[in-house]
Amino acid sequence: MLNIVLFGPPGAGKGTQSQLLIDQYHLMHLSTGDILRGEIAQGTELGLKAKSIMDRGDLIPDEVVISMIRSILEKNLNAKGFIFDGFPRTTTQAESLDEMLDELNTSISTMLSLDVDDDELTKRLLERGKSSGRADDANESIIRNRIQEYNNKTAPLKEFYTQQNKLQSIEGVGSIDAINAKLCEAIDQL
Ligand code: B4P
């Protein structure tokens, strides 16, 4: 199985690049952000709880996202592999993911980390906010909070995957196609 953690701060291009990679490598896309927004759109109990947390730009509790991922993995045991987009976001999530994959006799193949500076992230998300209707894209202080959550809780995962010798950093500024080419090159070298 080819299992990729596509990593980076909010707005780094994880969702954008995942859409290209799932077709190129026939992988299943697992975006916790998309799944949570789907729950909100359907008005489920989970969605109702998640909405206010996401609108503030805070992270959803670990146990909620871990159980979401577990149930999807268990239903897709025949997949060729997975792109984890926006998951894991904390050390607890990363440890759980390793355990879940271990139970399925597989593991993370690589972590591809998109590097983009804070000003560019803020610019992209404010631009997306003009049409996305997402409360967390709508104002700069919420975007700054998301970046701070990333720096405090998520960025330490680079060290987690470095210790497993799996981190590959990719420059995330440039054209979408040029960044895609760099990601493909990193995957093809595995
Ligand atoms: P996500 O849905 O993961 O949102 P994101 O970080 O904004 O996504 P992404 O980085 O994929 O954005 P993209 O590049 O596609 O999370 C949202 C919220 O959900 C979190 O704040 C949290 O509350 C919750 N959540 C999700 N997962 C969680 C977890 N595991 N644990 C706890 N909470 C969780 O797009 C950004 C913009 O940039 C787009 O408009 C795109 O067109 C543009 N863009 C992309 N590439 C570009 C390029 N090369 N040049 C210029 N623009 C580009």
Side-chain angles (χ1 to χ4, degrees), residues 4-22 29-41 46-73 82-97 100 108 111-157 160 170-183:
I4 297 170
V5 171
L6 194 53
F7 190 79
K14 303 183 294 289
T16 307
Q17 294 296 334
S18 290
Q19 289 307 324
L20 300 172
L21 294 173
I22 50 174
H29 184 207
L30 257 169
S31 159
T32 37
D34 287 351
I35 299 166
L36 289 163
R37 281 185 290 278
E39 297 280 340
I40 293 171
L46 167 57
L48 291 173
K49 280 188 198 148
K51 186 174 185 328
S52 59
I53 301 173
M54 288 173 76
D55 284 357
R56 288 197 301 271
D58 292 338
L59 292 184
I60 303 296
D62 286 336
E63 61 276 15
V64 174
V65 280
I66 290 166
S67 82
M68 271 171 21
I69 292 287
R70 181 184 294 281
S71 94
I72 296 172
L73 287 178
F82 296 93
I83 294 193
F84 296 96
D85 162 5
F87 180 90
R89 261 178 156 98
T90 64
T91 304
T92 302
Q93 292 180 21
E95 288 168 349
S96 292
L97 180 60
M100 288 186 268
I108 292 300
M111 176 211 240
L112 302 174
S113 174
L114 293 167
D115 292 338
V116 179
D117 66 80
D118 290 0
D119 287 346
E120 171 71 14
L121 297 173
T122 307
K123 196 176 90 186
R124 287 183 188 180
L125 294 176
L126 284 172
E127 186 59 36
R128 183 170 69 184
K130 290 178 190 168
S131 57
S132 69
R134 279 175 58 172
D136 61 344
D137 285 346
N139 95 38
E140 189 162 341
S141 73
I142 293 173
I143 292 171
R144 294 276 170 202
N145 183 44
R146 290 165 65 190
I147 295 172
Q148 200 177 340
E149 283 274 273
Y150 170 82
N151 287 331
N152 292 342
K153 298 176 184 168
T154 308
L157 292 184
F160 181 92
I170 310 279
E171 171 66 54
V173 180
S175 77
I176 288 168
D177 285 346
I179 296 163
N180 175 248
K182 286 188 271 186
L183 291 170

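Remember, it's 1-based here, ligands and their atoms both numbered in the order they're listed. We number each residue from 1, following the sequence as shown.
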Subject >> Structural part of Lys153 in contact with ligand 1, heavy atom criterion under 4.0 angstrom >> reply: neither

Original post:
Is there a donor-acceptor pair closer than 3.5 Å between any side-chain N or O of Asn145 and the backbone N or O of Arg56?
Top reply: yes

Subject >> Under 3.5 Å donor-acceptor, Arg124 side chain and Gly11 backbone >> reply: yes

Subject >> Ser31-ligand 1 polar pair, N/O distance under 3.5 Å >> reply: no

Subject >> Contacting atoms of ligand 1, where contact means under 4.0 angstrom from a heavy atom of Ile179 >> reply: 49 (N)

Original post:
Does Gln93 use its side chain to pair, donor to acceptor, with the backbone of Ile66 at less than 3.5 Å?
Top reply: no

**OP:** Enumerate the atoms of ligand 1 whose separation from the nearest heavy atom of Pro9 is less than 4.0 angstrom.
**Re:** 10 (O)

Subject >> Lys182, NZ atom: more than 12 neighbouring heavy atoms under 6.0 Å >> reply: yes

Original post:
Could you walk me through whether Leu59 and Thr154 pass the side chain to side chain contact (heavy atoms under 4.5 Å, CB included) check?
Top reply: CA-CA 10 Å; Leu59 292 184; Thr154 308; 4.3 Å; yes

Original post:
Does some non-hydrogen atom of Arg37 fall short of 4.0 Å from ligand 1?
Top reply: yes

Original post:
Could an N or O of ligand 1 be found under 3.5 Å from any N or O of Ser175, whether backbone or side chain?
Top reply: no

**OP:** Return the option from Arg128, Arg146, Lys123 holding the heavy atom at the smallest distance from atom 39 (C) of ligand 1.
**Re:** Arg128

Subject >> Distance filter under 4.0 Å to Arg134 heavy atoms, resulting ligand 1 atoms >> reply: 4 (O), 7 (O), 17 (C)

Original post:
Donor-acceptor pair, Lys14 side chain versus Pro9 backbone, under 3.5 Å?
Top reply: yes

Original post:
Are a donor atom and an acceptor atom from the side chains of Asp177 and Ser175 found within less than 3.5 Å of each other?
Top reply: no

Original post:
Do you know which two heavy atoms are closest between Leu36 and Ala50, and how far apart they sit?
Top reply: CD2-CB, 4.2 Å

**OP:** Identify, for atom 25 (N) of ligand 1, the protein heavy atom at the shortest distance, and state residue, atom and that distance.
**Re:** Leu36 CD1, 3.8 Å

Subject >> atom 8 (O) of ligand 1 - nearest protein heavy atom and its distance >> reply: Lys14 NZ, 4.0 Å

Original post:
Can you list the atoms of ligand 1 that are under 4.0 Å from a heavy atom of Gly174?
Top reply: 48 (C), 49 (N), 50 (N)

**OP:** Keeping the roles fixed (side chain from Thr32, backbone from Gly86), state whether a donor-acceptor pair exists under 3.5 Å.
**Re:** yes

Subject >> Proximal candidate to atom 16 (O) of ligand 1 [heavy atom criterion; set Met54, Gln93, Arg89] >> reply: Arg89

Original post:
Is it true that Asp119 and Arg144 have a side-chain N and a carboxylate O under 4.0 angstrom from each other?
Top reply: yes

Original post:
Hey, is ligand 1 close enough to Gly13 that some N/O pair sits below 3.5 Å?
Top reply: yes

**OP:** Flag Gly15 as yes when one of its N or O atoms lies below 3.5 Å from any N or O atom of ligand 1, and as no otherwise.
**Re:** yes

Subject >> Numbered atoms of ligand 1 (with element) below 4.0 Å of Ala12, judged on heavy atoms >> reply: 10 (O), 14 (O)

**OP:** Would you check the N or O atoms of Ile53, main chain and side chain alike, for any that come under 3.5 Å of an N or O of ligand 1?
**Re:** no

**OP:** Heavy-atom contacts with Asp58 under 4.0 Å: which atoms of ligand 1 show up? List them by number with element.
**Re:** 22 (C), 23 (O)

**OP:** May I ask you to list the atoms of ligand 1 that are less than 4.0 angstrom from any heavy atom of Gly86?
**Re:** 27 (N), 28 (C), 29 (C), 30 (N)

Subject >> Pairwise distance CZ(Phe84) to CD1(Ile69) - rounded to 0.5 angstrom >> reply: 6.0 Å

**OP:** Identify, by atom number and element, the atoms of ligand 1 in contact range of Val65, meaning under 4.0 Å from any of its heavy atoms.
**Re:** 29 (C), 31 (N)

